[in-house]
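Order of the sequence lines sets the chain letters (A, B, ...), proteins ahead of strands, with each chain counted from 1.
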Number of protein chains: 2
Amino acid sequence: MRLSKTSEYALRILSFMAKEPELLYSAKFLVEKLNISDKYLRRLMTNLTKSGFIRSAQGRDGGYSFAKKLNDIVLADIINSVEGMEKYMGCVLGFDQCSDANPCVMHSTWVNVREKFNETFQNKTLADFNFDEINKF
Amino acid sequence: MRLSKTSEYALRILSFMAKEPELLYSAKFLVEKLNISDKYLRRLMTNLTKSGFIRSAQGRDGGYSFAKKLNDIVLADIINSVEGMEKYMGCVLGFDQCSDANPCVMHSTWVNVREKFNETFQNKTLADFNFDEINKF
DNA sequence: ATAATATACTACAATAATGTAGTATTTAAA
DNA sequence: TTTAAATACTACATTATTGTAGTATATTAT
């Protein structure tokens, strides 16, 4: 029930950009706004660019902008691009061999919770958030 | 959507003991069965004893047994005793200041997922698992 | 040309989480 | 009284995650 900083940051960056999806955002500007260290953010931007969510414009006045429509950017795909959803889909008791066919005692209970997460992240895109409401972050 | 090893182990130990809740389990036996290092397990047992889930019988032929009825052992309380549920209840974007009153853009979506986890762990006790089924772990 | 901004590396530092080692003491069955 | 098994510490080792530093090169508006 917690994502890694890497996943948090990736979502934080893209959801921030999604508020004004037509703009071009410099790494410098994002660093100032999002409280993420410069090098860490740039490393993530490289991943997100390679994964095709954003494109980079090099040279003076360059920066990053969306390479896809917001409704084509699925949250689970963002996680996958920076570290992989599987990381979050393991057995609650930590048994590697646990599966539907070979379940631990808490398997069905946990699958229930886990699928709520998975479905939400598979079904939500960046277009599904209402940026007009008074959201501070 | 992932618990720490500490939480995993605590649940692993207690759910193992719950299969035969009347028995006394030595630390040595649990270590052999559960693939958790000796010192780490003992440290956890001390926590779980202090929290009142189990009691320790010292001396020769000692070990651990339940100090409560299984239906009084709530999963969330186990997590709380070893590290705290709050750890799993934070903002998905990692904003400390994010709250119902002061939400991030993904707040309502995340609360939805988070509460599924929270409710499940607040409502399930060790008595709610069917140990008669063919669960390998 | 210069300046701002990007890419692409490599390497190291700091912190948090997990795991291991050791030593001394207490308890209670046999 | 001996012994197995507990408590209660302290300290260190390993690994993973997160964060920082530096250097070299490419791109494009001005």
Side-chain angles (χ1 to χ4, degrees), chain A residues 1-13 17 23-67 79 82-84 86-88 90 93-94 96, chain B residues 1-13 17 23-67 79 82-84 86-88 90 93-94 96:
Chain A
M1 293 309 309
R2 229 186 5 154
L3 304 183
S4 67
K5 288 289 175 199
T6 299
S7 291
E8 273 181 19
Y9 291 167
L11 294 176
R12 197 189 283 192
I13 293 163
M17 289 174 63
L23 298 185
L24 188 87
Y25 295 87
S26 72
K28 195 177 178 186
F29 179 72
L30 292 173
V31 163
E32 282 165 7
K33 289 292 182 183
L34 293 176
N35 196 30
I36 303 172
S37 78
D38 186 76
K39 291 295 166 72
Y40 213 84
L41 181 133
R42 284 175 195 278
R43 204 188 289 168
L44 282 172
M45 296 314 271
T46 300
N47 278 342
L48 296 171
T49 303
K50 281 179 183 162
S51 302
F53 301 117
I54 52 179
R55 68 166 63 87
S56 65
Q58 292 190 2
R60 174 155 174 182
D61 294 345
Y64 299 94
S65 56
F66 282 107
I79 306 285
V82 293
E83 58 184 354
E86 325 81 58
K87 180 167 176 178
Y88 299 112
L93 300 183
D96 292 344
Chain B
M1 291 312 307
R2 228 184 7 154
L3 304 184
S4 67
K5 289 289 175 198
T6 299
S7 291
E8 273 181 20
Y9 290 168
L11 294 175
R12 198 189 283 190
I13 293 164
M17 290 175 62
L23 298 185
L24 188 87
Y25 296 86
S26 71
K28 195 176 179 185
F29 179 74
L30 292 173
V31 163
E32 282 164 6
K33 289 291 182 183
L34 293 176
N35 197 30
I36 302 172
S37 78
D38 185 76
K39 291 297 165 73
Y40 213 84
L41 180 133
R42 286 175 192 277
R43 203 186 292 168
L44 281 172
M45 296 315 269
T46 301
N47 278 341
L48 296 171
T49 303
K50 282 181 182 162
S51 302
F53 301 117
I54 53 180
R55 67 166 61 89
S56 64
Q58 293 192 1
R60 175 155 173 184
D61 294 345
Y64 300 94
S65 56
F66 282 107
I79 307 285
V82 293
E83 56 184 356
E86 325 80 59
K87 177 167 176 178
Y88 299 112
L93 299 183
D96 292 343

(message) My understanding is that only residues two or more places apart in sequence, or in another chain, count here; which of them pass side chain to side chain contact (heavy atoms under 4.5 Å, CB included) with Arg42(A)?
(response) Ala27(A), Asp38(A)
(request) Rounded off to whole Å, could you give me the CD-to-C1' distance for the Glu8(B) and dT18(C) pair? (result) 12 Å
(request) For Tyr25(B) and Met17(B), indicate whether the former's side chain and the latter's backbone hold a donor-acceptor pair under 3.5 Å. (result) yes
(request) Nearest whole angstrom, please: distance from the C1' of dA8(D) to the CG of Leu41(B). (result) 16 Å
(request) For Met45(A) and dT7(C), give me the distance from atom CE to atom P, rounded to whole Å. (result) 8 Å
(request) Return the value, rounded to whole Å, for the distance between atom CD of Glu32(B) and atom P of dA5(D). (result) 10 Å
(request) Go through the structure and list residues passing side-chain hydrogen bond (donor to acceptor under 3.5 Å, both in side chains) with Ser56(A), not counting sequence neighbours. (result) none
(message) Across nucleotides 17-24 of chain D, 5' to 3', mark each nucleotide with B, S or - according to how protein heavy atoms within less than 4.0 Å reach it.
(response) SSBBBB--
(message) Between P on dA5(D) and OH on Tyr64(B), what's the gap in Å once rounded to a whole number?
(response) 12 Å
(request) Look only at the side chain of Arg55(B) and the backbone of Phe66(B), and say whether a donor-acceptor pair between them is shorter than 3.5 Å. (result) yes
(message) Please report the distance, rounded to the nearest Å, between CZ in Arg42(B) and P in dA5(D).
(response) 9 Å
(message) Once side chain to side chain contact (heavy atoms under 4.5 Å, CB included) is applied, do any residues pair with Arg60(B), and if so which ones, sequence neighbours excluded?
(response) none
(message) Is any side-chain heavy atom of Val82(A) closer than 4.5 Å to one of Leu44(A)?
(response) yes
(request) Check the distance between dA29(D)'s C1' and Leu24(A)'s CG and give it to me in whole angstrom. (result) 13 Å
(request) With sequence neighbours left out, write down each residue that passes side-chain hydrogen bond (donor to acceptor under 3.5 Å, both in side chains) with Glu83(B), or none if nothing qualifies. (result) Ser4(B), Ser7(B), Lys87(B), Tyr88(B)
(message) Side chains of Leu11(B) and Leu3(B), heavy atoms from C-beta outward: is any pair under 4.5 Å?
(response) yes
(request) Go through residues 46-60 of chain A and report each residue with a non-hydrogen atom lying under 4.0 Å from DNA chain D, sorted by number. (result) Gln58(A), Gly59(A), Arg60(A)
(request) To the nearest 0.5 Å, tell me how far Glu8(B) CD sits from Ile13(B) CD1. (result) 11.5 Å
(message) Please report the distance, rounded to the nearest Å, between CG in Asn35(B) and C1' in dT18(C).
(response) 14 Å
